[in-house]
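Please read all numbers here as calculations on a predicted model, not as lab measurements. Numbering of ligands and ligand atoms starts at 1, following listing order.
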Amino acid sequence: MAEQKKTGFSSKIGLIMAAAGGAIGLGNIWKFPYIAGENGGSAFLIVYLVCVALFGLPLLMTEFLIGKRSGKSAYGAFRTLSGNNRWQWLGWLCMLTALVIMGFYFVVTGWCFSYLVEAVNDVFGGFDATAMTAHFQKIISNKPRMLLFSILPVALTGAVLWFDVNKGIERLSKILMPLLLLMMVLMAGRVLMLDGSNIGMQFFFQADFTKITPHVIMEAMGQCFFSLSIGMGALITYGAYMPKNQNVVATSIQVIVLDTLVALLAGAIIFPAVFAFGFNPAEGPELVFVVLPAVFEQMSFSWFSSVLFFALLCIAAITSTISLMEVAVAFVCEASNNKLNRHKSVLIVSAVVLVMIAVCVLVPQVFTIFDEVSACIMMPIGALGMAIFVGWNLPNPNGKGVLSPAKGAKRVMGKIYINALRWLVPAAIILIFLNSLGIL
Ligand code: PFF
């Protein structure tokens, strides 16, 4: 990406697709359905959408703004903008969050690669719900195989960053992301024709406010941060490469809409299928891996559909791991004053990530802790820090880059934005924390 720093992205749409490609990933297709399934379906969806509306726009804008104004990634950005070291901890937090997420994210990416190979070999034929669940358990309990399948995406991601081929990825995203969306629309259409699918639609879409608990609110906030990649500096990097005349508000809205659309589609595929085939919606992290193969069995061209879908899922995962690993790689380069160049940084980060992956594969409890802690604690704290940093500490935050020139409607919007950062976002995050700790 070093080259792009000088030239920016090739086009505005290129940056939107790359940022959306980074945001859309396993969080939308794997994590969203399983967390929603564990937290009451529609109750979770309502709170999730409120969180997206409340946090999404101000925080996406904030990360783009930090990157655009500093021209740096998370480590250098806070120092450059504040002129001192007091906010350096935020850069460290971003890097640590990226490492923790990578620890489990690569493992799930490994599951996707493993399922792609299985789809090619057509092994799911004739499995019922119980057999599908047993099959998943068999796959993940084969630790050497899982380790191997998790190392593969690390190598791929490392290679993309090593050879600086992000432009290629940008082009790839422009073609493959719409294809993934189209594929998901077709799957949703097929699933809706299944007997019993209406129960799943009710579970996911029929609002039931009684099921909203402090735990559901906390999980929904975490999922919102995770899915939109906010609170850990990934979007700061895109801000740094953003063409000067790109509109930050419009770009943020487009990324949010695309990301939310994919999550909603994933829910609209999984839940009707869950009820039609007799799975349990609270199955846990294996949910999509046991349900989706059953969906493909019902589709025409089932072999082709499942191979294409798992291939697209692997690519969606890799575009996300690229933006994740970039946070840590840029950190190592910037923190070492470029004494460690990009290649060395890629090697160091990959080595650390491999250790974390090994721990997650060998100790499943660590996988769960990483999954939970990164989204529900680390990312909200990072977002809180960034909101306070820009809202209270950045001189004239709206002056350059976000809603400038600050005249007319833009002036009013600018005021709303700054006040959201100063009061609304910090207050909401703190209240949700206190609420889930039972203090409120
Ligand atoms: N937003 C990604 C997803 O939904 O799969 C996960 C992610 C990618 C989080 C990159 C953070 C990040 F920096």
Close aromatic pair by centroid cut-off 6.0 Å: F309 and F296: yes
Which is closest to atom 12 (C) of ligand 1 in terms of heavy atoms, L324, L228, T97? L324
Restricting to non-hydrogen atoms, name the atom on V249 and the atom on L57 that form the minimum distance, rounded to 0.1 Å. O-CD1, 4.2 Å
Closest protein heavy atom (residue, atom, distance) for atom 7 (C) of ligand 1: S229 OG, 3.6 Å
Any N or O on S323 sitting closer than 3.5 Å to an N or O of ligand 1? no
Ligand 1 atoms nearer than 4.0 angstrom to some heavy atom of N28 are 4 (O)
So which protein heavy atom does atom 5 (O) of ligand 1 come closest to, and at what separation? Y105 OH, 2.5 Å
Can you find an N/O atom of D259 closer than 3.5 Å to an N/O atom of ligand 1? no
What class does the angle between the rings of H343 and W162 fall in, given that below 30° is parallel, 30 to 60° is tilted and above 60° is perpendicular? parallel
Should the ring pair Y115 and F136 be called parallel, tilted or perpendicular, given that the plane angle runs from 0 to 90° and is split at 30 and 60? tilted
Within the 4.0 Å heavy-atom cut-off, what M232 brings close to ligand 1 is side chain
Atom 3 (C) of ligand 1: nearest protein contact (heavy atom, Å): A23 O, 3.2 Å
Closer than 4.0 Å to some heavy atom of L26 - which atoms of ligand 1 meet that? 5 (O)
OG of S73 to CD1 of I66, rounded to nearest 0.5 Å, is 12.0 Å
Classify the ring geometry of W30 against Y34: parallel below 30°, tilted from 30° to 60°, perpendicular beyond 60°. tilted
of all protein heavy atoms, closest to atom 13 (F) of ligand 1 is A234 CB, 3.0 Å
Does any N/O atom on G27 come nearer than 3.5 Å to any N/O atom on ligand 1? yes
Do the two ring centres, one from F204 and one from F271, sit under 6.0 Å apart? yes
Shortest non-hydrogen contact from P293 to M132? CB-CE, 3.7 Å
